[in-house]
> 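Below is the structure I would like to discuss, written out as structure tokens.
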Amino acid sequence: MNLELFRNKLPSGLIHLNDFLDLKFQKQVLTEIDKITTICPLRRIKTKNGGNFSTQITNCGKLGWWSDHKGYRYTDCDPTTGLTWPKMPDLFIEIIHRTLKNIPIEKTFIPDACLINYYSKDSKMGLHQDKDEKDLTQPIITISLGDRADFMIGGNKRSQKPALLNLDSGDVLVMSKDARPLFHGIKRIYEETSPIKKLIGRFSLTFRKAG
DNA sequence: TAGTGACG
DNA sequence: ACCG
């Protein structure tokens, strides 16, 4: 048994669909994000202890993820306005269907939440687990748009050294099965690598079944 | 708590 | 200075 090889092996539930969405489609997704942020602008959120995130977020779908002095949670409306989150665009549902058709691991997935994170060149996301969802066996599907990112995929403990994975514009990442509970984050953003000229920085769209 | 940095 |  080659221990080094074993240590470097990525979990089978982590599926990286490289260059899955073509540039034209990516631009359509960006148009939908523009519509969403017009209704519900990107906002800087805080941790429970008052710490600042370097990303800015908004949501669409029935539920949206939020963090403030009360902690992490899903809400059915924007806590800053009391308005319901914008509707999940049909185009996003289409991406989910196309993704499911191309992976052997999941047959159905009906997300009720889409967290939209915007990363500028200096944004990072520390290692964390997604565990605010009701059913933690449901996968999480992430779309990357804009600048290239170094994605960290770690273990079940934060102390485990993460492996790095490049996420480019148009890539789709599925965290399911054994990969679902793993610590993960974004180590860095590569400035001016976006294939979409008018997009500076990176958007990630993470689809969850939260409720 | 998905932050940051002080501290050992 | 670097790591956890």
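These numbers were taken from a predicted model, which means no experiment stands behind them. Lettering follows sequence order; numbering is per chain, from 1. Heavy-atom basis, side chains included; hydrogens, waters and symmetry copies ignored.
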> What donor-acceptor contacts under 3.5 angstrom involve side-chain atoms of residues 144-155 of chain A, with partners at least two apart or in another chain?
unit_1: A:Ser144; atom_1: OG; unit_2: A:Arg202; atom_2: NH2; d: 2.8
unit_1: A:Asp147; atom_1: OD1; unit_2: A:Thr193; atom_2: N; d: 3.0
unit_1: A:Asp147; atom_1: OD1; unit_2: A:Ser194; atom_2: N; d: 2.8
unit_1: A:Asp147; atom_1: OD2; unit_2: A:Gly201; atom_2: N; d: 3.2
unit_1: A:Arg148; atom_1: NE; unit_2: A:Asp168; atom_2: OD1; d: 2.5
unit_1: A:Arg148; atom_1: NH2; unit_2: A:Asp168; atom_2: OD1; d: 3.2
unit_1: A:Arg148; atom_1: NH2; unit_2: A:Asp168; atom_2: OD2; d: 3.4
unit_1: A:Asp150; atom_1: OD1; unit_2: A:Tyr190; atom_2: OH; d: 3.4
unit_1: A:Asp150; atom_1: OD2; unit_2: A:Tyr190; atom_2: OH; d: 2.7

> Using Watson-Crick pairs (N1 to N3, plus N6-O4 or O6-N4) and G-U wobble pairs, both distances under 3.5 Å, which stems of at least 3 pairs involve DNA chain B?
none
> Salt bridge check: are A:Asp130 and A:Arg180 linked by an N-O gap of less than 4.0 Å?
no
> Is any side-chain N of the basic residue among A:Lys121 and A:Glu192 closer than 4.0 Å to the acidic one's carboxylate O?
no
> Are A:Arg208 and A:Tyr74 in a cation-pi contact, defined as NZ or CZ under 6.0 Å from the six-membered ring centre and within 45° of the axis?
no
> Please classify the nucleic acid contact of A:Asp130 as base, sugar-phosphate, or nothing, using heavy-atom distances under 4.0 Å.
base
> Who are the salt bridge (Lys or Arg N to Asp or Glu O under 4.0 Å) partners of A:Glu32, not counting sequence neighbours?
A:Lys35
> With a cut-off of 6.0 Å (strictly less than), are more than 12 heavy atoms of other residues, nucleotides or ligands near CG of A:Leu136?
yes
> Name all residues meeting the salt bridge (Lys or Arg N to Asp or Glu O under 4.0 Å) criterion together with A:Lys27; count only those two or more places apart in sequence or in a different chain, and write none if there are none.
none
> Name all residues meeting the salt bridge (Lys or Arg N to Asp or Glu O under 4.0 Å) criterion together with A:Asp171; count only those two or more places apart in sequence or in a different chain, and write none if there are none.
none
> Show me the protein contacts with nucleotides 3-5 of chain B, counting only N or O atoms at under 3.5 Å.
unit_1: B:dG3; atom_1: OP1; unit_2: A:Gly126; atom_2: N; d: 2.8
unit_1: B:dG3; atom_1: O4'; unit_2: A:Asn52; atom_2: O; d: 3.2
unit_1: B:dG3; atom_1: O3'; unit_2: A:Asn52; atom_2: O; d: 3.1

